Amino acid sequence: MLNVVIFGPPGSGKGTQSQKIIEKYGLTHISTGEILRKEINEGSELGKLAKSLIDNGQLIPDETITEILKKKLNTLRNSKGVIFDGFPRTYKQAVALKKILNKEGRDVNIMLNLEVDNNELIDRLLKRGQISGRSDDNLETIKKRIKVYEARTAPVIDFYKSEGTYRPIKGTGNIEDIFGRIADALDAIV
Ligand code: AMP
């Protein structure tokens, strides 16, 4: 089984590259952001909590999102592996993910960090906002998300460096070139 964490700031291309990884490697995609957006559309209690936090650029509490992830993992059967998109987003979540996977004799095999500078992130997210309709793709919320990324999410990098599974990937240029770099990193371990 291949367990991949796709990581990077908001707008770094995690969702886009996840789709390409799924096509080539047949992994199961778990996007915690997508799970939350579904809850919001359904108007559940969790959705209501998530909407207030997401629209404000804040993270969902670690315990809540980790429970959601655990439940989702439990529904998977006969998966060739998982691509974790948007989880872990804090150091605590990274430790929790390791614990969950270790219980099944598994672990994260590789963490791909898409590196893109802040100006390009803002440009990309504003453009995406015009077509995605995502309520968090506006300038004010984008700036908050990048700040939250730097303060709370970037420390996840240190966790995977110490695990020896960290791979930085240049996240700029065209989508195919970026995917080429990701495929090289994955082919080296499968
Ligand atoms: P994404 O679709 O990954 O950009 O996630 C959209 C938003 O959902 C984020 O800005 C957070 O508010 C929330 N979210 C998604 N995943 C997590 C997570 N692992 N921990 C906390 N909040 C999350």
Side-chain angles (χ1 to χ4, degrees), residues 1-10 12-15 17-19 21-22 24-40 44-54 56-115 145-169 171 182 185-190:
M1 279 194 70
L2 184 63
N3 294 304
V4 178
V5 169
I6 187 136
F7 186 85
S12 56
K14 298 187 291 291
Q17 294 298 331
S18 290
Q19 291 308 325
I21 295 170
I22 295 159
K24 179 157 183 192
Y25 297 91
L27 304 182
T28 305
H29 186 209
I30 297 184
S31 158
T32 42
E34 270 174 24
I35 296 172
L36 294 170
R37 282 188 288 278
K38 192 163 166 265
E39 294 285 338
I40 292 172
S44 68
E45 282 307 308
L46 170 62
K48 284 177 198 155
L49 167 79
K51 183 165 172 51
S52 63
L53 293 166
I54 290 176
N56 205 19
Q58 304 299 313
L59 299 181
I60 274 65
D62 285 333
E63 290 72 21
T64 310
I65 199 79
T66 302
E67 270 313 303
I68 292 169
L69 180 91
K70 247 193 219 169
K71 272 196 197 141
K72 180 80 191 175
L73 270 176
N74 281 335
T75 66
L76 304 185
R77 293 280 170 269
N78 305 321
S79 171
K80 282 168 103 180
V82 175
I83 175 140
F84 296 92
D85 168 6
F87 191 103
R89 250 186 169 92
T90 64
Y91 196 92
K92 230 174 155 182
Q93 290 178 22
V95 174
L97 179 60
K98 184 173 177 70
K99 207 168 137 198
I100 293 166
L101 293 175
N102 281 180
K103 265 199 188 138
E104 311 284 331
R106 297 157 51 190
D107 208 341
V108 169
N109 302 99
I110 190 166
M111 187 271 222
L112 303 164
N113 180 29
L114 294 171
E115 297 183 318
R145 287 157 69 199
I146 292 175
K147 275 210 177 112
V148 168
Y149 169 82
E150 285 166 353
R152 301 207 46 209
T153 305
V156 168
I157 291 172
D158 290 331
F159 178 83
Y160 289 102
K161 277 186 179 165
S162 67
E163 291 282 301
T165 49
Y166 174 77
R167 302 282 186 288
I169 302 282
I182 288 176
L186 293 177
D187 290 342
I189 62 157
V190 291

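Nothing here was measured: the structure is a model prediction, and the numbers come from that model.
- Side chain of Asp107 to main chain of Asn102: no donor-acceptor pair is present (N/O by atom type, distance under 3.5 Å, no hydrogens or angles).
- Listed by chain and residue number, nothing satisfies the salt bridge (Lys or Arg N to Asp or Glu O under 4.0 Å) test with Glu150 (two or more places apart in sequence, or in another chain).
- Evaluation of the side chain to side chain donor-acceptor pair (under 3.5 Å) rule for Ser79 yields Thr28 as partners, not counting sequence neighbours.
- Across Val5 and Pro88, no two heavy atoms sit closer than the pair CG1-CD, 3.9 Å.
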Exercise. Does the side-chain contact (heavy atoms from CB on, under 4.5 Å) test come out yes or no for Thr66 and Lys99, once each step is laid out?
Worked result: CA-CA 11 Å; Thr66 302; Lys99 207 168 137 198; over 6 Å; no
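- Atoms CZ and NZ, on Arg152 and Lys147 in that order, are 15.5 Å from each other to the nearest 0.5 Å.
- Residues satisfying the side chain to side chain contact (heavy atoms under 4.5 Å, CB included) criterion with Lys38, sequence neighbours excluded, are Glu42.
- The main-chain N or O of Gly86 is never found under 3.5 Å from a side-chain atom of Lys14 such that the two would form a donor-acceptor pair.
- Partners of Pro10 according to the side chain to side chain contact (heavy atoms under 4.5 Å, CB included) rule, which considers only residues two or more places apart in sequence or in another chain, are Leu125, Arg145, Ile146, Tyr149.
- Residues passing the side chain to side chain donor-acceptor pair (under 3.5 Å) test with Gln93 are Asp62, sequence neighbours excluded.
- Under the side chain to side chain contact (heavy atoms under 4.5 Å, CB included) criterion, Lys48 pairs with Glu45, sequence neighbours left out.
- Here the shortest heavy-atom pairing between Ile30 and Lys72 reads CD1-CG, 3.8 Å.
- Sequence neighbours left out, the pairs with a member in residues 154-169 that pass side chain to side chain donor-acceptor pair (under 3.5 Å) are Lys98-Glu163, Asn113-Tyr166.
- What you find for Ile6 and Ser18 is that their closest heavy atoms are CG2-OG, 3.5 Å.
- Considering Leu2, Leu27, Asp85 as possible partners of Ile21, the one that fulfils the side-chain contact (heavy atoms from CB on, under 4.5 Å) test is Leu27.
- If you take CE on Met1 and CG on Leu101, they are separated by 8.5 Å, rounding to the nearest 0.5 Å.
- Under the side-chain contact (heavy atoms from CB on, under 4.5 Å) test applied with Arg89, the options Ile60, Thr153, Val148, Ile65 reduce to a single match, Thr153.
- Residues forming a side chain to side chain contact (heavy atoms under 4.5 Å, CB included) with Ser44 (at least two apart in sequence, or on another chain): Glu39, Leu46.
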For this session: Run the numbers on Val190 and Asn109 for side-chain contact (heavy atoms from CB on, under 4.5 Å), then give the verdict.
Result: CA-CA 10 Å; Val190 291; Asn109 302 99; over 6 Å; no
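- From Leu36, atom CG reaches atom CD1 of Ile54 across 5.0 Å, with rounding to the nearest 0.5 Å.
- For the atom pair CG (Leu186) and CD1 (Ile169), the distance works out to 7.5 Å, reported to the nearest 0.5 Å.
- Smallest separation of non-hydrogen atoms from Ala94 and Val156: CB-CG1, 4.4 Å.
- Nearest heavy-atom pair across Pro155 and Tyr91 is O-CD1, 3.5 Å.
- By the ring pair (Phe, Tyr, Trp, His ring centres under 6.0 Å) test, Tyr25 pairs with no residue at all, sequence neighbours left out.
- Here the straight-line distance linking atom CG of Leu59 with atom CG of Leu53 works out to 8.5 Å at 0.5 Å rounding.
- Distance CZ/Arg37 to OG/Ser31: 5.5 Å, rounded to 0.5 Å.
- Here the closest non-hydrogen pair linking Leu114 and Gly171 is CD2-CA, 4.5 Å.
- Every residue two or more places apart in sequence or in another chain that forms a salt bridge (Lys or Arg N to Asp or Glu O under 4.0 Å) with Lys70 is listed here: Glu67.
- Two residues are said to be in side-chain contact when any heavy atoms from C-beta on lie closer than 4.5 Å; Leu69 and Phe84 meet this criterion.
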